[in-house]
Amino acid sequence: MLTLAIESTAHTFGVAVLKEENILSNETHTFTTEKGGMIPNLVADHHKKYKNIVLEAALKKANTNLEQIDIVAYSNAPGLAPALMVGRDFAKELNKPLVGVNHIVAHLEIGLKTTKAQDPIFVFTSGANTQIIAHEGGKYRVFGEALSIAVGNALDKLGRELELGFPAGPKIEQIAKKGKFIQLPYKVKGMDVEFSGILTKAMDLYQKGASKEDICFSFQETCFAMLAEVTERALAHCEKDEILLIGGVARNKRFSEMLNTMAEERNAKAYTVPFEYAGDNAAMIGYLGYLQYKANKKTETKPDFYPRQRIDEIETFWKS
Ligand code: AMP
Ligand code: MG
């Protein structure tokens, strides 16, 4: 059975082809800028411009064609409404049975598929989300989160100030390697983290002459230490002994290393999703779409999208 998958929740338009659980292709095209941030309507225009190119590339790489495809899985939540709409409409145009997939749950499931983690505390850090998650009672539940902006967003906003373009996370990681530590506000409230004060202070220090290197280094160290602290607390609270780092910010080596160190000290094991499946991608949508379809054989009668859906609204019926 062949599943074609479409990802379009935010900056990335992706198409993947899977044969049952095996990923045959995973193509993406990502909206980027030299200076500014991500504007929803421009992102939607980007997706419209590249959708057919990405589709053709994914079919070609999988050595197949549209006729062979059995079902189409598409990301239906959460995300930017104009971007979600492009994906949903494109999925409808393909005239196949459709399966709608929650993008965040897909990030979690691809992490489980591609690592040895069994029942971890998920550290989900992407552009729009920062959540500490665990699976309990038939649902994924959020135990802690960023109260104002997500860590990826905070990195991208800092990057805008430093004129690094979008996405800024990878550039900040490189620049940080030459920096020294400057104190920044460290804000953990129970299981939650707050990044807006750090952002304001870092931008202020940059305006006053601190170097890009020192700002990037200190920003990363502070944000990642806060996340390591709440992850440690979640391990104890949920009585788990595995951590799984997923989402675009999981590509950051320093972050992964800090979680590893914390895990070792507690006799826990930390895993990081492979680079290709860390940021937004369609393979994860296809994988979860296939799991859902295999479990309940249901397809969408009225394909819709849900920009603000939360993961604890979803019953994980595909898990035994
Ligand atoms: P996602 O929405 O899951 O695709 O994640 C995108 C976010 O990941 C953006 O905010 C990027 O800046 C961030 N990101 C990507 N690579 C890195 C990296 N190496 N270090 C830190 N953040 C990163
Ligand atoms: Mg994402």
Side-chain angles (χ1 to χ4, degrees), residues 1-9 14-26 58 62 64 66 68-79 84 87-88 90-92 94-122 124 126 129 131 133-143 238 240 242 244 246-247 271 273-274 276-277 280-320:
M1 185 185 138
L2 288 184
T3 303
L4 184 117
I6 299 168
E7 159 57 28
S8 79
T9 56
V15 179
V17 178
L18 288 84
K19 184 170 183 345
E20 281 80 46
E21 295 185 8
N22 300 316
I23 300 160
L24 303 183
S25 64
N26 184 30
T64 188
L66 267 184
Q68 310 281 318
I69 300 296
D70 297 292
I71 60 168
V72 171
Y74 73 102
S75 49
N76 68 357
L84 282 164
R88 190 277 311 264
F90 193 47
K92 277 169 76 175
L94 301 177
N95 281 319
K96 301 277 180 183
L98 299 185
V99 178
V101 165
N102 179 290
H103 169 99
I104 298 181
V105 178
H107 270 292
L108 307 180
E109 294 290 348
I110 200 77
L112 293 176
K113 175 180 163 64
T114 55
T115 66
K116 293 201 175 97
Q118 298 281 327
D119 182 23
I121 293 293
F122 295 88
F124 173 46
S126 70
N129 294 90
Q131 294 177 326
I133 299 166
H135 190 259
E136 272 190 20
K139 284 181 174 184
Y140 283 112
R141 294 179 199 277
V142 178
F143 287 89
C238 300
K240 305 224 189 262
E242 295 174 319
L244 176 52
I246 48 174
Y271 298 93
V273 70
E276 181 180 2
Y277 306 114
D280 291 351
N281 65 88
M284 66 182 191
I285 304 299
Y287 176 59
L288 178 55
Y290 171 72
L291 293 183
Q292 290 181 196
Y293 183 75
K294 193 171 78 165
N296 72 0
K297 296 285 179 293
K298 274 198 191 149
T299 55
E300 305 284 332
T301 42
K302 282 196 197 130
D304 206 346
F305 57 88
Y306 313 95
R308 306 188 70 84
Q309 186 180 64
R310 288 183 59 95
I311 53 161
D312 48 16
E313 294 172 40
I314 310 245
E315 303 273 353
T316 55
F317 60 87
W318 59 91
K319 285 180 174 302
S320 53

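For P307 against P78, the heavy-atom pair with the smallest separation is O-CB, 3.1 Å. The heavy-atom pair separating A282 from A5 by the smallest distance is O-CB, 3.3 Å. Heavy-atom minimum distance, S75 versus L84: O-CD2, 3.6 Å.
A heavy-atom distance below 4.5 Å is found between the side chains of I133 and I311. Using a 4.5 Å heavy-atom cutoff, the side chains of V15 and L4 are in contact. A 4.5 Å side-chain heavy-atom check between I69 and L94 finds every atom pair outside the cut-off. Looking at K96 and I71, their side chains never come closer than 4.5 Å, going by heavy atoms from C-beta outward. Within the 4.5 Å cutoff, side-chain heavy atoms of F143 are placed close to those of C238.
The backbone N or O of A58 sits less than 3.5 Å from a side-chain atom of S25, completing a donor-acceptor pair. For K139 (side chain) and D312 (main-chain N/O), a donor-acceptor pair under 3.5 Å exists by modelled atom type. Checked by atom type and distance alone, the side chain of N296 pairs as donor or acceptor with a backbone atom of K298 at under 3.5 Å. No donor-acceptor pair closer than 3.5 Å links the side chain of Q131 to the backbone N or O of F124. N26 places no side-chain N or O within 3.5 Å of a backbone atom of A16 that could act as its donor or acceptor partner. No donor-acceptor distance shorter than 3.5 angstrom exists from the side chain of T299 to the backbone of L98, with no hydrogens or angles considered.
Atoms CG and CD1, from N76 and I6 in turn, are 12.0 Å apart once rounded to the nearest 0.5 Å. To the nearest 0.5 angstrom, D119 atom CG is 8.5 Å from H135 atom NE2. Note: T316 OG1 to Q292 CD = 10.0 Å, rounded to the nearest 0.5 Å. With rounding to the nearest 0.5 Å, the separation of OH in Y271 from CD1 in I246 is 14.5 Å. Once rounded to the nearest 0.5 Å, the distance linking OH of Y74 with CD of E300 reads 4.5 Å.
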Name every donor-acceptor pair, under 3.5 Å, that has one atom in a side chain of residues 99-117 and the other anywhere in the protein, sequence neighbours excluded.
| unit_1 | atom_1 | unit_2 | atom_2 | d |
| --- | --- | --- | --- | --- |
| N102 | OD1 | I104 | N | 2.9 |
| N102 | OD1 | V105 | N | 3.0 |
| N102 | ND2 | Q309 | OE1 | 3.0 |
| H103 | ND1 | E7 | OE1 | 2.9 |
| H103 | ND1 | E7 | OE2 | 3.3 |
| H103 | ND1 | T9 | OG1 | 3.3 |
| H103 | NE2 | H107 | NE2 | 3.0 |
| H103 | NE2 | D280 | OD1 | 3.1 |
| H107 | NE2 | D280 | OD1 | 3.1 |
| E109 | OE2 | Y140 | OH | 2.8 |
| E109 | OE2 | W318 | NE1 | 2.9 |
| E109 | OE2 | K319 | NZ | 3.2 |
| K113 | NZ | E21 | O | 2.8 |
| T114 | OG1 | I110 | O | 2.7 |
| T115 | OG1 | G111 | O | 2.7 |
| T115 | OG1 | A117 | N | 3.2 |

When you look at T3 and Y290, which way does the side-chain contact (heavy atoms from CB on, under 4.5 Å) test go after all the steps?
CA-CA 7 Å; T3 303; Y290 171 72; 4.0 Å; yes

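With Y293 as the aromatic partner, K297 meets the cation-pi criteria of under 6.0 angstrom to the ring centre and within 45 degrees of the ring axis.
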